[in-house]
Every structure is written in C-alpha cells, then in structure tokens.
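Step one of this worksheet: look at the structure below.
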Amino acid sequence: MTVRPTRRPLRALAAAAVAVPLALAGPAYADARPSHHTPPGAGAMNRVQSVADRALQPRTRFTMAADGSSGSRPDGAGIPNIDSVKSTVRTYYRADATGVADKASSPYITEMSGILDRQEAALNRLYDRSVRSGKKPAIVLDADDTTLWTYDMEDHDMHFTFDPVLQDRWVQDQRFPATPGMVSFVAAAQQRGFTVFGLTGRNDDQKAATLGNLAKVGYSGFTSDRFFTKWTGKGSSQQPSYITCAAAKCTTVEYKAGTRKHIESLGYDIALNVGDQWSDLQGGYADHTLKLPNPTYYLPSPNLPGVDEPRLTPRTRFVMKPDGSSGLTAGGEGIPNVDSVKSTIRTYYNADATGIASRTASPYITELARTTGRISPALDAACAVGKRAGVKPAVVLDADDTTLWTYDMEDHDMHFTFDPALQNVWVQEQRFPATPGMVALVNGAERAGCTVIGLTGRNDDQKAATLGNLAQVGYTGFAADRYYTKWTGKGASQQPAYITCAAAKCTTIEYKSQTRAHVESPAGGGYTVVANLGDQFSDLIGGHALAPVKLPNPTYYLP
C-alpha cells in the first residue's frame, strides 16, 4: 500500500522553501531574522520567534557629529531617533507629559549641583591667581540655561522648535526661573570678591527685561553697565567699535570673544567664563571655562580664524536606549543634542531649510535603493516558490514610511512633533508620495505570486483615503478586504474578535502580530506571510512572518 504524505508536512516543506531565498537575501537590518510561522514544531518555532524578537531592537550606540554631517551616511539606524532623544531629554529634566520640568529633583538638577559644588570649591584658587595678575578678578556668565532656565519654554511651549516671537514674549514677561544652583553659586563668587558680568545672545531690546528677570529670581550682581546684549542694528543699538568680524554678520564666537577681550581691556581678568553652549566658551579671553549641560538646543559657531580649540567641542559618541531611560544616567553631555539630531536627520533626507526632503537624491534614497535592490529578487523568488507550492504566499506592509513617505509632514508641517489633526488632513487629502523604491518592490512581489496585505496603525476612518493614496502613487495590489486599519471604537468600528489584549488599550505589537496571525488562519485567508515590512520595530515584533524587514526611519519612534 502506498502511503500518501499529509498536507501539513507538505505545507511545512513549502514554507521552508519560501523562506530560503529571503534568508539568503538578508533583511534590511542585520538584526532582523526570520521569525515564527505556524506550521509544524510549534515549540521550536516559538523559540525561533523569541530569538528573532529579541534581535528586533533599535540600536543603542551612536556616533554623531554636532553639525549634522553624520547624516551623509546611508545608515538611518545609525542616527539617534528624534522621539527617543526627546524622551531621554525629558527623563533627564524629569519633565511631565506637558513638557514642564521638575523644579525640585531631576538628574539635571543633580548634575548641576555636582558641577557647581566642584567649581565653587575652586573659586578661592581662581581668585588668588587673578589677583596675582594685577587685574580685577571677574566671572562672565551667559544668560539662557546658564543663569536663567529656559526648559519649559523650549519643551512645553516651543516643542523644541525655536520661535523668536514666543521667546521674546517669555523674555519681556520675565518668566524664566533661575538655572538650578546658579543663584547661590554667583552669590558665592561675589562674596569672594569676583565682579560678575553678563554676556548673552539676547538683544538690546531685551536687556532691561533680562536684568529684571535676573533680579526677580534672586541674582544681585548684574548691572546694566556690566551686562552685554547683542545689537539690533536699529537706532543707537549698533555694533560696538571693539568688535571686529570677518563678515557683515558676526558669529557668536566673534561677538562673545570680542566682548570678553573688551572686558579684560577695562582692567579685569576673566578667571572663569560660564556657558551652556560651546560657542559661549570658544575664542579665549578667559583663564578657565565651565560648560553647563544642555541637550535641548545647539548654537554652533566657527572658531576664530587661526584658532583651534578641540577641547571646546561637543561629544560625538553616545549610548542611548530607545525608551528614554538613559536620561537617568547619561548626563547632559551624554544625551544626543536635539538640534544636532534634527540637523543629522535633514542631511540624511537631503531636506531643505523648510523641511522638505529631496525626492531624487539623498543618503536615505540611497539606503532604500540598496535595501529594495537586495530584497526584491529574493522576495519575488519566495513569492513564486510559494505560489507553485500552493501555500498562498503573502507580503504584509505597514503604511507610513513603509509604502507612503511622511517626511515632509513630519518635518515641514509638524516640526517633528506629532499632531493627529494635521496628520488626518494629510491622510484625507492623500498628500503622501510613495516611499522610495517601494512601488516597484510591492508590485513586483504581486506579479511574482504574492498577495499584498496592508497593516497600519491608521484608523478605519482613514482607510478609504489611504487606499486612494496608495493607488494614486502607483501601487496596484492593495484591496479593501486585505487592508487592515485600527478600530476607532465608534459605531461599527470595533476591536475584532481575533485580537485579545492585556489592557483596554492594545499595544501596536498586540494589534499587528495578532492581525498577522489572523491572516495566516483559515478565517483570515490561510496565507503564508513570507515577508513583513515596516519602518518601526513594533511593526515586526510578535512573529507570524517568515522574514521581518526593517526599513530606516529616525523621524519618530513607536514602541
């Protein structure tokens, strides 16, 4: 008697055949590996899934120059994710959900206390050295985030995107608290005999309000004649004769170093120059410098001609976990600076000054071309093998930054701060271009025999517009019955029976992994998901795909 093999082993054999080409091609990131698929050996496959999920984690070590030039590498995973950076900054300042910093206790306050305690212990030595020079001992201090603390304005009001109108309102209203520990530090310096000078990039129109704010929060040493603000070029507010600049517009270093030189010409010895920006400290004319931590913004300025000060430069190597917890231990200089990260991202996308990405050439487009060029042949082969084997091969794809490209919305319109109302406008108006290279990849997989399935965090109210946008930019395989959007909880849009979550609000991983499981089940079509493509790790974790493929995206993070 001939024994015929059962369909289940045949299905497993076919699934293995489908996985081989994709495994040989390698997913977009080295740490993305084939994960769980339901056929035989459930225990072993679950272990594979567990290993794969542990591998599907964001990078934690970064090398990033402060000037944004690191974005020229076609390596999106090597750029600190902007959402993770913001979360780390907020942990460091112990800011609440609205972006208001804790004024009593935080890693920032602790670090400031340590820095100022050590510096205060050195004041006597600095004073004695200045006296021996035959000049009057002095200390020069910047304003923003050196004597006055701007965090709540930067995060709560500006969302880390500088607004000069809003800044002037805060200045004129004298709304800034003192930088932690600085009132007592400045008082201690005065008590030892130092003359205190202020030197800020705020302008002459803001001088009176700044002095008022300083007095209001407890400083007593700043006077109008010893507080230097930037000229406006209007009326009597003109560039001083003691400042000479290489171009019509002075750099920060030219302005501040020239002003310190002027202070010393008045008979003072600047024993200590204190600032939160490296450009506050460059250019000399101070015996010692003190850099205060500030990862919330970066104000670069070139060195003076012929002057090289490598010691007064930002850190370039960082360790940062994606969940923001590194803000507890990294210290301010160990957190990637928000402005530097934005600049790096814009270099990577070759974005212009308004936040519009190049559609023709960028490190991002180069990386996508390499990824799709490597994945497409293997995916097409897997689809063809699966179709011949009768296992109903399918490819699952996320929407935002997997099939549709959101960069211009994220940067130009949202300034990297998510706005659901604005996002819905873009969705309903079908304004997104295709993610570079993905139309050819997806349409090719469909022609080779794969069913194309969409799985997005966009909601049911956005489904029709999303399908319209996809068709508009050239995708041919997406259909309403195979396009999964998130329920709204209103009317007929309710959580499906095939999704069970640990809490009332499902996580992205619960929603997406269980939807993929449904797709593989008889009720969902009985497909074999040969590849699952997404730009977020949460798009990929949870198995139910032979090969997860991670696309680069440093512009937001969805854990």
Side-chain angles (χ1 to χ4, degrees), residues 11 14-15 18 37-38 379-380 382-384 386-387 389-404 424 427-428 430 432 434-435 438-501 506 508-535 538-540 542-549:
R11 181 178 173 82
V18 168
H37 184 67
T38 3
L379 180 58
D380 291 352
C383 293
K387 185 177 181 180
V391 297
K392 297 184 70 175
V395 57
V396 171
L397 302 113
D398 174 54
D400 293 314
D401 297 291
T402 301
T403 51
L404 296 172
N424 192 54
V427 170
Q428 301 301 342
Q430 304 180 26
F432 299 102
T435 303
M438 288 301 292
V439 170
L441 181 145
V442 175
N443 291 352
E446 182 195 12
R447 288 193 298 271
C450 270
T451 298
V452 175
I453 296 172
L455 175 55
T456 174
R458 293 186 181 188
N459 65 49
D460 288 346
D461 292 342
Q462 298 175 321
K463 181 172 181 174
T466 301
L467 286 164
N469 200 157
L470 289 162
Q472 175 184 286
V473 298
Y475 294 99
T476 59
F478 292 107
D481 61 331
R482 297 191 306 272
Y483 204 86
Y484 293 87
T485 44
K486 196 82 178 285
W487 57 94
T488 64
K490 300 174 183 177
S493 178
Q494 300 296 326
Q495 181 174 327
Y498 55 78
I499 293 181
T500 304
C501 303
C506 292
T508 299
I509 292 172
E510 286 173 327
Y511 158 56
K512 292 205 166 186
S513 65
Q514 292 183 60
T515 301
R516 292 193 300 274
H518 170 70
V519 166
E520 290 186 326
S521 73
Y527 295 100
T528 296
V529 179
V530 298
N532 175 29
L533 283 74
D535 66 289
S538 54
D539 296 332
L540 310 177
H544 302 288
L546 293 171
V549 180

Pair Gln462-Thr485, side-chain donor/acceptor within less than 3.5 Å: no
How are the rings of Tyr498 and His518 set relative to one another: parallel (under 30°), tilted (30 to 60°) or perpendicular (over 60°)? parallel
Ion pair check, Lys486 and Asp460, cut-off under 4.0 Å: no
For the student: nearest non-hydrogen atoms of Thr466 and Arg458, plus distance: OG1-NH1, 2.9 Å
Which of Lys392, His544, Glu520 passes side chain to side chain contact (heavy atoms under 4.5 Å, CB included) with Val529? It is Glu520
Side chain of Gln472, backbone of Gln430: donor and acceptor closer than 3.5 Å? yes
In terms of heavy-atom contacts, Ala445 and Leu379 come closest through CB-CD2, 3.7 Å
Would you find a donor on one side and an acceptor on the other, under 3.5 Å apart, between the side chain of Ser521 and the backbone of Gly524? yes
Side chains of Pro393 and Tyr527 in contact at under 4.5 Å (non-hydrogen atoms): no
Residues which pass ring-ring contact (aromatic ring centres under 6.0 Å, His included) with Phe432, listed by chain and number, not counting sequence neighbours: Trp426
Show, in sequence, the C-alpha distance, side-chain angles and deciding distance for Asn469 and Val427, and conclude whether the side-chain contact (heavy atoms from CB on, under 4.5 Å) test is met. CA-CA 8 Å; Asn469 200 157; Val427 170; over 6 Å; no
If you look at every heavy atom in Leu540 and Pro548, which pair is closest and at what distance? CB-CB, 4.0 Å
For Lys463 and Tyr483, indicate whether the former's side chain and the latter's backbone hold a donor-acceptor pair under 3.5 Å. yes
Does one side chain, of Thr508 or Ser538, offer a donor that lies under 3.5 Å from an acceptor on the other? no
Gln495 side-chain N/O to Trp487 backbone N/O, donor-acceptor pair under 3.5 Å: no
Of the non-hydrogen atoms in Gly534 and Asp398, which two are nearest, and what is the gap between them? CA-CB, 4.1 Å
Closest approach of Ile509 to Ser513 (non-hydrogen atoms, all atoms of both residues): O-OG, 2.7 Å
Please confirm whether the backbone N or O of Gly543 pairs with a side-chain atom of Arg516, one donor and one acceptor, at under 3.5 Å? yes
Shortest non-hydrogen separation from Ala480 to Leu467 and the atoms involved: CA-CD1, 3.7 Å
Can you check whether Val530's main-chain N or O pairs, donor with acceptor, with Thr528's side chain at less than 3.5 Å? no
Evaluate the criterion side-chain contact (heavy atoms from CB on, under 4.5 Å) for residue pair Ser493 and Asn459; output intermediate values, then yes/no. CA-CA 9 Å; Ser493 178; Asn459 65 49; over 6 Å; no
Between Leu533, Thr402, Leu397, which is the residue that forms a side chain to side chain contact (heavy atoms under 4.5 Å, CB included) with Val549? Leu533
Please evaluate residues Asp461 and Lys490 with respect to the criterion salt bridge (Lys or Arg N to Asp or Glu O under 4.0 Å), reporting the C-alpha separation (whole Å), side-chain torsions for both, the decisive distance (0.1 Å), and the verdict. CA-CA 10 Å; Asp461 292 342; Lys490 300 174 183 177; 5.9 Å; no
Taking it one step at a time, do Val396 and Tyr484 satisfy side-chain contact (heavy atoms from CB on, under 4.5 Å)? CA-CA 10 Å; Val396 171; Tyr484 293 87; over 6 Å; no
Short side-chain to backbone donor-acceptor contact, Asn443 and Gly474, under 3.5 Å: yes
